[in-house]
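Only one structure is covered here, and it is reproduced in the block below.
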Amino acid sequence: MLRQCLLTGFFMNI
Amino acid sequence: MFEARLVQCSMLKKVLEAIKELLNEATFDCSDAGIQLQAMDNSHVSLVSLNLRSDGFDKYRCDRNLSMGINLASMTKIMKCAGNDDVLTIKAQDNADNVMFMFESQNQEKVSDYDMKLINLDQEHLGIPETDYSCIIKMPSGEFARICRDLSQFGESVVISCTKEGVKFSAAGDVGAANIKLAQTANVDKEEEAVTIEMQEPVTLTFACRYLNSFTKATALSPQVQLSMSADVPLVVEYKIGDFGHIRYYLAPKIEE
């Protein structure tokens with residue numbers, strides 16, 4: 001099964 | 001006071017077309033440098049980053065930084081009232097709660113203005129780290145749109161696999177499987193028809209078709225699209241916007257559970 005990653009996991013909230 | 005004049009307002013129509021499927025509303029940040037927008041879609045899977053430099057405009061004035069929260073459906077209604085060849089002027093006062101769009105026909109015989117209410121949006125800015133990408137693919141934007149459209153018939157996901165020989169787009173589902181391979185072009189008359197690959201390391205990543213298809217709404221902005229990929233980081237799909245700047249879409253990959 002494939003899981004969709006979320007962008008917030010890659011980028012920082014600033 | 002903010003004022004930006006654009007002789008061909010078709011550019012802004014195309015920009016709106018390129019973002020309105022992903023975003024319901026967005027903040028346009030105006031500064032001396034130009035207009036920037038950064039917003040994630042509601043599901044936090046993709047991000048749109050737009051940069052329009054001030055020197056691309058025929059006239060540009062921004063005395064104080066201004067953040068305009070805009071409902072994109074409302075802006076679409078207004079931009080539909082403009083002819084493609086109309087001259088557009090966008091105006092707002094400092095700290096205003098509205099923005100004015102003025103359209104002038106080329107012969108200046110028809111002048112319309114539309115006042116739009118601004119909205120307050122909670123801004124969520126993301127820091128995007130500088131990344132050296134393993135593969136950078138440049139290809140005709142129309143070809144990329146066609147591939148995304150064709151493959152979305154076969155599955156919800158597209159696998160993009162890049163080697164120095166070329167790039168392969170694949171999808172599979174109930175109907176069967178589809179593979180489209182593009183080789184680097186050897187000789188082309190027109191630069192915009194070229195497929196070029198800069199590769200440090202081969203990369204294979206899986207992405208949701210639906211978002212790729214939304215990104216291709218920007219096709220009218222540029223004859224070429226650039227895809228930047230590295231293992232386990234978001235894909236960047238970039239369309240240059242003539243003398244203005246660019247629109248970039250970031251899409252998080254799908255990974256094995």
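The chains referred to below are lettered A, B, ... by the order of the sequence lines, with proteins before strands, and numbering in each begins at 1.
- Summarising the geometry, atom CG belonging to B:Leu251 is positioned 9.5 Å from atom CZ belonging to A:Phe10; distances are rounded to the nearest 0.5 Å.
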Show, in sequence, the C-alpha distance, side-chain angles and deciding distance for A:Leu2 and B:Thr206, and conclude whether the side-chain contact (heavy atoms from CB on, under 4.5 Å) test is met.
CA-CA 9 Å; A:Leu2 287 171; B:Thr206 305; 3.8 Å; yes
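- The part of B:Ser157 that comes within reach of chain A is its side chain, from C-beta onward, which places non-hydrogen atoms under 4.5 angstrom from that chain.
- Within a 6.0 Å radius of NZ in B:Lys217, other residues, nucleotides and ligands contribute 12 heavy atoms or fewer.
- Interatomic distance, A:Phe11 CZ to B:His125 NE2, rounded to the nearest 0.5 Å: 14.0 Å.
- At least one donor-acceptor pair closer than 3.5 Å links the side chain of A:Gln4 to the backbone N or O of B:Ala252.
- Heavy atoms from other residues, nucleotides or ligands lying under 6.0 Å from CG of B:Asp232 number 12 at most.
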Verdict with reasoning, A:Met12 to B:Ile128, per side-chain contact (heavy atoms from CB on, under 4.5 Å)
CA-CA 7 Å; A:Met12 292 173 306; B:Ile128 302 166; over 6 Å; no
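- Residue A:Arg3 holds its CZ atom at 11.0 Å from CD of B:Glu256, rounded to the nearest 0.5 Å.
- Of all the heavy atoms in B:Val45 and A:Leu7, the pair that sits closest is O-CG, 3.2 Å.
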